[in-house]
Amino acid sequence: MRIATTTPAQAAGMVRRDQELLVGLVEGKNEEELRAAYEVNDGPLGHFCDSLHDLVAHVLMWDEITLAVLRDAAVGRLHWSLDPRWETAEIGSALNFGGVEAGRRIPSELLLHRYAKVGAALVAEIERYDERAWTDPATGGGYDGGIGALAEYVSTTPDGVLFGHAARHLFPKAVAG
């Protein structure tokens, strides 16, 4: 059985700090500045982000998936993304590419609005659990170890960064330890 290594308060704080990191980089930038070339660390699933706008779209897509995973677990369901067929490097790359490509079709202002709303909902979803429920196997929607272990699983990048998705792409050496 998997066991959560964080409390809900710690997890929510880590998510919030990661969101604030990305917001701090994009705050005050206009559409042109957000879509300008910006080098990010692509990571183990390949090249897909060419700008800060792309990075917001990428992180947003995974935050939306994480939120859906946690909400599905709350009603006793395993989310589609936890099916082993979706958990391959090839499919992960396809999701990354598709999420960024879809984000490129949305104005930056709206993408940032969506990022803020989804981020707030994700933090609220995590904060609704107390420490007992966080580790109770019954809260995992079929995932062993409870909602906390599930949240950690879906919020860990393929190379092991927990609740630090934006930071992982922006400052890989700092988050890798």
Does the side chain of Val26 reach to within under 4.5 Å of the side chain of Leu55, using non-hydrogen atoms? no
Which pair of heavy atoms, one from Leu122 and one from Val15, lies closest together, and at what distance? CD2-CG1, 4.0 Å
Would Glu31 and Arg35 count as a salt bridge (charged side-chain N to carboxylate O under 4.0 Å, His left out) here? Give the steps. CA-CA 6 Å; Glu31 185 84 20; Arg35 290 180 183 263; 2.4 Å; yes
When you check the side-chain N and O atoms of Asn96 and Trp62, is any donor under 3.5 Å from an acceptor? yes
Under a 3.5 Å distance rule, please check whether His79 uses its side chain to pair with a backbone N or O of Arg71 as donor and acceptor. no
Does the salt bridge (charged side-chain N to carboxylate O under 4.0 Å, His left out) test come out yes or no for Asp50 and Arg104, once each step is laid out? CA-CA 10 Å; Asp50 296 328; Arg104 287 178 178 161; 3.2 Å; yes
Quick one, Leu112 and Val23 - any side-chain contact, counting heavy atoms below 4.5 Å? no
Are Trp86 and Leu70 in one and the same hydrophobic cluster, where Ile, Leu, Val, Met, Phe, Trp and Tyr link if side-chain heavy atoms are under 4.5 Å apart? yes
Between Arg114 and Glu109, is the salt bridge (charged side-chain N to carboxylate O under 4.0 Å, His left out) condition met? List the steps. CA-CA 9 Å; Arg114 188 168 129 202; Glu109 178 184 352; over 6 Å; no
dist Arg2:CZ -> Asp144:CG (nearest 0.5 Å) comes out at 5.0 Å
Shortest non-hydrogen contact from Arg85 toward Ile91: O-CG1, 3.6 Å
Look at the side chain of Glu152 and the backbone N and O of Ala149, then say whether any donor-acceptor pair between them is shorter than 3.5 Å. no
Taking the side chain from Asp18 and the backbone from His165, do they hold a donor-acceptor pair closer than 3.5 Å? yes
According to the interplanar angle, ranging from 0 to 90°, do the rings of Phe48 and His58 count as parallel (below 30°), tilted (30 to 60°) or perpendicular (above 60°)? tilted
Side chain proximity check, Phe163 to Thr6, heavy atoms < 4.5 angstrom: yes
Non-hydrogen atoms of Leu78 and Gly142 that approach each other most closely: CD2-C, 4.3 Å
State yes or no: do Ile65 and Val75 share one hydrophobic cluster built from I, L, V, M, F, W and Y residues joined by side-chain heavy-atom distances below 4.5 Å, directly or via other members? no
Compare all side-chain heavy atoms of Tyr115 with those of Val59 and state whether any distance is below 4.5 angstrom. yes
So, Thr156 side chain and Leu162 main chain: donor-acceptor pair closer than 3.5 Å or not? no
Heavy-atom closest pair, residues Ala166 and Leu21: C-CD2, 4.4 Å
Keeping the roles fixed (side chain from Trp80, backbone from Val69), state whether a donor-acceptor pair exists under 3.5 Å. no
For a side-chain contact (heavy atoms from CB on, under 4.5 Å) check, start with the C-alpha distance between Cys49 and Val100, then their side-chain angles and the critical distance, and finish with the verdict. CA-CA 7 Å; Cys49 292; Val100 169; 4.1 Å; yes
Can any side-chain N or O of Glu33 pair as donor or acceptor with the backbone N or O of Asn30 at less than 3.5 Å? yes
Can you tell if the side chain of Glu131 reaches within under 4.5 Å of the side chain of Pro8, non-hydrogen atoms only? yes
Would you check, one step at a time, whether the test side-chain contact (heavy atoms from CB on, under 4.5 Å) holds for Ile147 with Trp134? CA-CA 5 Å; Ile147 197 72; Trp134 189 247; 3.7 Å; yes
Candidate pair Thr66 and Glu125, rule side-chain contact (heavy atoms from CB on, under 4.5 Å), full reasoning: CA-CA 10 Å; Thr66 298; Glu125 185 66 23; over 6 Å; no
Quick one, Tyr38 with Asp54, criterion side-chain contact (heavy atoms from CB on, under 4.5 Å). Give me CA distance, side-chain angles, the key distance, then yes/no. CA-CA 9 Å; Tyr38 190 93; Asp54 287 357; over 6 Å; no
Give me the atom names and distance for the closest heavy-atom approach of Pro107 to His53. C-CE1, 4.0 Å
Looking at every heavy atom in both Val123 and Arg16, which two are closest together, and how far apart are they? CG1-NH2, 2.9 Å
